[in-house]
Number of protein chains: 2
Amino acid sequence: MKIFKALADDTRLGIIKNLYASKEEMSCTEAGADCVSSKSNASYHFRTLREAGLIKVRKEAQTKFVSLNKETFDRFLPGFLDTL
Amino acid sequence: MKIFKALADDTRLGIIKNLYASKEEMSCTEAGADCVSSKSNASYHFRTLREAGLIKVRKEAQTKFVSLNKETFDRFLPGFLDTL
DNA sequence: ATGGTTGTTCAATATTCATAGAACTATCAT
DNA sequence: ATGATAGTTCTATGAATATTGAACAACCAT
């Protein structure tokens, strides 16, 4: 459920696409650059994605790096990422 | 997107589970028996599911029979139904 | 024709979710 | 220490969704 709610939003879907396309981790700022409307908005969406288990977050200095949590996709939405 | 919005709700997810478990078509009343809170509410959720392409509807007399639209699941969420 | 099912539509309300700005923490660079 | 960067949290507000009941339409059975 949390997964579907997390994916039921254009902004978050955009972030997922960015992360999938990049094949690497990105900073929150990077990953949300073209989707997000303010930094508090960004924070909100990244939290939603994290709580749904769709992304992993690693902190380095001030910066947080995010990447797709492949395990979750494989487990609950196997094959989905390839339909993006 | 419409697909995720459609799945991002407990009531509709319940309906999907019922349909998946039954392996056959069911009437709307049957499929929603344990999830839905009123008949207008049922109608609303079935419409949402239909518009997302997740179910097929067949009318026979007063009764509408609903079933999963496997094509949509296979195309956009391959493998998902088996995780239910 | 009347009454009983099955489902739809409409309008009102309630609930949930998304957005914005301001104040804040933490880290780095000078 | 100061300023800059990266992100969080809070409160308020707006937008989108869900729920309800009432009135309705379609179909069947008698």
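Numbered from 1 within each chain, the chains take letters A, B, ... in sequence-line order. Note that the coordinates shown come from a computational prediction; the quantities given were computed from them, not determined experimentally.
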* Which part of the nucleic acid does Tyr44(A) contact within heavy-atom distance under 4.0 Å: base, sugar-phosphate only, or nothing? -> base
* Rounded off to whole Å, could you give me the CZ-to-P distance for the Phe65(B) and dT5(C) pair? => 16 Å
* If only atom types and distance count, is the side chain of Asn69(A) paired as donor or acceptor with the main-chain N or O of Lys56(A) below 3.5 Å? -> no
* Leu7(A) and Leu54(A), any side-chain heavy atoms less than 4.5 Å apart -> yes
* Structure fact -> Separation of dA12(C) atom P from Asn41(B) atom CG, nearest Å, is 19 Å
* To do: By nearest nucleotide on DNA chain D, pick out whichever of Asp9(B) and Arg50(A) is the more 5' one.
  => Arg50(A)
* Structure fact -> Cys35(A) and Asn18(A) have their tightest heavy-atom pair at SG-ND2, 3.6 Å
* **Spacing between Glu30(A) atom CD and dT5(D) atom C1', to the nearest angstrom** => 14 Å
* Please check if the distance between the ring centroids of Phe80(B) and Phe4(A) is under 6.0 Å. => yes
* Can you tell me if the side-chain N/O atoms of Arg12(A) get under 4.0 Å from OP1 or OP2 in dA18(C)? -> yes
Atom pairs under 3.5 Å: protein N/O with N/O of nucleotides 23-27 of chain C:
unit_1: dT27(C); atom_1: O2; unit_2: Gln62(A); atom_2: NE2; d: 3.3

* Structure fact -> Rounded to whole Å, CZ of Phe46(A) lies from C1' of dA6(D) at a distance of 12 Å
* Structure fact -> Side-chain contact check for Thr29(B): nearest option of dA20(C), dG7(C), dT19(D) is dG7(C)
* Asked: So does Ser40(A) reach the base of dG21(C) with its side chain, donor to acceptor, closer than 3.5 Å?
  -> yes
* Once you round it to whole Å, what is the distance between C1' of dC17(C) and CE of Met1(B)? -> 12 Å
* Would you find a donor on one side and an acceptor on the other, under 3.5 Å apart, between the side chain of Arg75(B) and the backbone of Thr83(A)? -> no
* **Within-4.5 Å side-chain heavy-atom neighbours: Met26(A) and Leu19(A)** => yes
* May I ask you to say what Thr63(A) touches in the nucleic acid, namely base, sugar-phosphate or nothing, with a heavy-atom cut-off under 4.0 Å? => sugar-phosphate
* Gap between atoms CG and P, on Leu13(B) and dA18(D) respectively (whole Å) -> 12 Å
* Gap between atoms CZ and P, on Phe4(B) and dC17(C) respectively (whole Å) -> 17 Å
* Side-chain (Asn41(B)) to main-chain (Val36(B)) donor-acceptor, under 3.5 angstrom -> no
* Indicate whether OP1 or OP2 belonging to dC17(C) is found under 4.0 Å from a side-chain N or O atom of His45(A). => no
* **Separation of dC17(C) C1' from Leu7(A) CG (nearest whole Å)** => 15 Å
